[in-house]
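A note on names: the letters A, B, ... follow the listed sequences, proteins ahead of strands, and every chain is numbered from 1. From a predicted model like this one, the values you see are computed outputs, not experimental measurements.
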There are 2 protein chains.
Amino acid sequence: MNDVDYEVLSARLKVLAHPERLRILDALRREPECVCHLEALLGKPQPYVSQQLRFLREAGVICDQKQGQNVFYRVCDPEVSAWLEALLGRVDGRSMQRHEVVTACACPKCASVNLSLAA
Amino acid sequence: MNDVDYEVLSARLKVLAHPERLRILDALRREPECVCHLEALLGKPQPYVSQQLRFLREAGVICDQKQGQNVFYRVCDPEVSAWLEALLGRVDGRSMQRHEVVTACACPKCASVNLSLAA
DNA sequence: TTAATATATGCAAAAGATTATATATATCGT
DNA sequence: ACGATATATATAATCTTTTGCATATATTAA
């Protein structure tokens with residue numbers, strides 16, 4: 001009669017029920033970020049960040065794409081995207097502000113920011 | 001700039017991120033239930049059920065009301081109600097079906113059901 | 001008062017999640 | 001090929017959650 005699978009649903013919620021993972025997801029739903037940026041955002045050691053990313057990746061919530069030395073992550077689960085929007089508000093597509101992420105690494109994104117600052 | 005408290009939000013999600021608690025909440029958002037019904041619904045020992053109820057009560061998600069020997073619980077957190085609706089679908093106000101809860105206890109609700117069956 | 005029923009609490013064992021740290025791999029520049 | 005940088009993995013220690021079980025309380029009925 002009621003065919004909700006509470007096991008599956010609660011397991012999916014558990015993925016979000018962690019402060020640092022939520023923070024990562026909130027950043028990634030705006031635009032793809034590389035690990036170095038997330039490391040700066042969280043202020044945690046790199047292996048810690050990579051572990052959370054692995055967790056989210058293996059849960060099917062985020063996807064990775066390698067670009068040179070860097071790996072960019074993005075949210076790739078539509079259901080989780082919708083949940084994040086409900087929980088954290090709609091993300092504003094035009095203003096791609098740097099939201100707390102401040103690094104000076106050599107990744108492609110920083111390179112392009114540095115170019116536009118120089119111009 | 002972004003004043004989301006990921007600690008608080010993730011703590012609130014953790015309350016829902018548990019299969020038996022989700023099942024309880026799904027029952028309670030339809031209508032108040034007493035402990036004996038929830039015990040039958042979960043098929044778990046009574047102290048287990050009372051413990052989950054205490055957890056939810058202390059998290060401010062459900063409220064209790066004593067009626068004679070029985071204690072009826074209901075969801076009393078509007079935000080969580082809204083989340084449940086998003087996660088599990090809208091609950092249909094008119095058809096208060098007994099959804100899986102089948103007991104023959106002496107609580108007021110069962111008494112009234114038994115009365116209408118006898119009539 | 002005693003027994004029965006409904007519910008709650010306390011506590012410890014077991015299971016699971018989180019975090020830190022050491023190390024591995026892979027890519028790039030020289 | 002070598003060193004530097006970016007990222008990943010493995011493992012173990014710690015911490016938290018979950019669960020089971022014994023017992024307590026409170027209400028009703030006899």
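Comparing dT7(D), dT18(D), dT5(C) against the side chain of Val35(A) picks out dT7(D) as the nearest. The side chain of Cys36(B) sits closest to dT7(C) out of dT7(C), dT9(D), dT5(C). When distances are taken from the side chain of Cys34(B) to each of dT7(C), dA8(C), dT18(D), the shortest belongs to dT7(C).
Listed by chain and number, the residues in a side-chain contact (heavy atoms from CB on, under 4.5 Å) with Ala59(B) are Val15(B), Val61(B) (sequence neighbours excluded). Legend: residues meeting side-chain contact (heavy atoms from CB on, under 4.5 Å) with Lys44(B), ordered by chain and number and at least two apart, are Glu20(B), Leu42(B), Tyr48(B), Val49(B). For Arg74(B), the side-chain contact (heavy atoms from CB on, under 4.5 Å) test picks out Pro32(B), Cys63(B), Cys76(B), with sequence neighbours left out. Residues meeting the salt bridge (charged side-chain N to carboxylate O under 4.0 Å, His left out) test with Arg21(B), sequence neighbours left out: none. Residues satisfying the side-chain contact (heavy atoms from CB on, under 4.5 Å) test with Gln65(B), not counting sequence neighbours, are none.
If you take CG of Asn70(B) and P of dT27(D), they are 12 Å apart, rounded to a whole angstrom. As a whole-Å value, the separation of Leu42(B) CG from dT18(D) C1' is 14 Å. Summarising the geometry, the separation between CD on Glu58(B) and P on dT16(D) is reported as 17 Å, rounded to the nearest angstrom. In this structure, CZ of Arg21(B) is placed 12 Å from C1' of dT19(D), rounded to the nearest angstrom. Rounded to whole angstrom, the span from the CD atom of Gln65(B) across to the P atom of dT27(D) amounts to 15 Å. Going from atom CG of Leu53(B) over to atom P of dT18(D) covers 14 Å, rounded to whole Å. Asp64(A) has its CG atom 15 Å from the P atom of dA26(C), to the nearest Å. One interatomic measurement links the two molecules: CD1 of Ile62(A) to C1' of dA8(D), which rounds to 13 Å at whole-angstrom precision.
Contact check, Arg57(A) against dT7(D): no side-chain N or O comes under 4.0 Å of OP1 or OP2. Side-chain N/O atoms of Arg54(B) include none lying less than 4.0 angstrom from OP1 or OP2 on dT7(C).
Between Phe55(A) and Lys66(A), it is Phe55(A) whose nearest contact on DNA chain C lies nearer the 5' terminus. Annotation: of the two residues near DNA chain C, Lys14(A) and Gln46(A), the 5′-most nearest-nucleotide partner is Lys14(A).
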Scan nucleotides 19-21 of chain C against the protein and return all N/O pairs shorter than 3.5 Å with their distances rounded to 0.1 Å.
| from | atom 1 | to | atom 2 | distance (Å) |
| --- | --- | --- | --- | --- |
| dT19(C) | OP2 | His18(A) | NE2 | 2.9 |
| dT19(C) | OP2 | Tyr48(A) | OH | 2.7 |
| dA20(C) | N6 | Gln51(A) | OE1 | 2.4 |
| dA20(C) | N6 | Gln51(A) | NE2 | 3.4 |

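Although no hydrogens or angles enter the test, the distance criterion places a donor-acceptor pair under 3.5 Å between the side chain of Arg30(A) and the main chain of Asp26(A).
If you run side chain to side chain contact (heavy atoms under 4.5 Å, CB included) between Leu25(A) and each of Asp77(A), Leu87(A), Ile62(A), only Ile62(A) comes through.
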